[in-house]
Protein chains: 2
Amino acid sequence: MQRRPLNEHLSHLLAQANRHISRQFSAEGVSFDQWRLMMALSEEGGSTMGKLADELAINHPTLTKLVDRMVEEALVYRVPDPEDRRKVRMFLSDKGAALLEIQNSRVQLHEARVEGSFGNEDLQKLRRMLETFIKQIS
Amino acid sequence: MQRRPLNEHLSHLLAQANRHISRQFSAEGVSFDQWRLMMALSEEGGSTMGKLADELAINHPTLTKLVDRMVEEALVYRVPDPEDRRKVRMFLSDKGAALLEIQNSRVQLHEARVEGSFGNEDLQKLRRMLETFIKQIS
DNA sequence: TATACATACTTTCCGATTAAACAATTGCCA
DNA sequence: TGGCAATTGTTTAATCGGAAAGTATGTATA
């Protein structure tokens, strides 16, 4: 009857890891999702809400409200698409880019510490396996 | 400057995986945290709230309310510790155990599908790496 | 072209989560 | 022993998140 302990379930390990990471972010003033959104926009400005929701695995209404808050703080801004007026294109503001830089330096510290326990090969393997995992469950 | 793309950050991959898993659970009527709590109690009845909060990486107040709801559904129950009256010991009810069985058969299906893409060795390696990761960030 | 359907995003409503304060109990040590 | 700090768990107030419905725009079909 499925005697596999919780600690051997990938899903549980993923949950634990994720909770700890989220907490570290909030302790630093920028939420995990805020950071991921700013990162996404920093890589590719002009993404639509729908694309961002998919990429970040955030529900559409949740993303709308996350963006609302970040617009109030002037970290990101909306631009209606001229060709398809249903679409909203998102961009990172200068203020957002500056905040992202600051946060990224913190992230880098954490990651250096954590990823130091793995070799570069293992780290890449871990990433690839997670990517495969995500594709499977999406 | 941190030009590393979001998709190469472990934290982001973990977040994506975790969101997808949580959604699959809610679609099945049992929340991910409910399942993890029942699993924990099924393995070791009599855990205290504090221990469970640590194991599951759930905040104490959040756990209290999760338990409140599950007590109302008679899935788990509280027993005050006779030796230390600050402590509350949690147990899985028969009804909870039955529900857990049902949910576990669903979980098994998903996991078979997903974990099939990895070899057994890789799977174990993935688990071990995640465990190391969790220890590092806790 | 007019109607129906699809897409993109937002709003609403309700329930869940969080941080901070609180209450109860225990342990330590002068 | 008496008093103070630590531990354990709950409550409160405010914010956040998710499901479902709503709005606006675009596309296809008859």
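Protein chains get the first letters and strands the later ones, always in sequence-line order, with residue 1 at the start of each. Bear in mind the structure is a predicted one, so any value in this text is a computation, not a measurement.
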Practice task
Identify whether NZ of Lys or CZ of Arg in A:R89 sits under 6.0 Å from the centre of the six-membered ring of A:F91 and within 45° of that ring's axis.
Solution key: no

>> Using ring centroids (six-membered ring only for Trp), state whether B:W35 and A:H12 fall under 6.0 Å.
In response: no

Practice problem: Take A:E55 and A:R36 through the test salt bridge (charged side-chain N to carboxylate O under 4.0 Å, His left out) and record every step on the way to the result. | Solution: CA-CA 10 Å; A:E55 281 178 6; A:R36 295 197 302 137; over 6 Å; no

Rounded to whole Å, CZ of B:R85 lies from C1' of C:dA23 at a distance of 14 Å

As a quick check of understanding, evaluate side-chain hydrogen bond (donor to acceptor under 3.5 Å, both in side chains) for B:N59 and A:R23, giving each step before the final call. CA-CA 10 Å; B:N59 293 334; A:R23 283 180 197 162; 3.2 Å; yes

| said: side-chain hydrogen bond (donor to acceptor under 3.5 Å, both in side chains), that's the test. Do B:Q124 and B:R127 meet it? Break it down for me. | reply: CA-CA 5 Å; B:Q124 220 175 336; B:R127 280 198 285 259; 5.7 Å; no

The answer to which of A:E83 and B:S26 contacts DNA chain D further toward the 5' end, by nearest nucleotide, is B:S26

Per-nt protein contacts along nucleotides 5-18 of chain D (heavy atom under 4.0 Å; B base, S backbone sugar-phosphate only, - none) come out as -BBSSBBBB--SSB

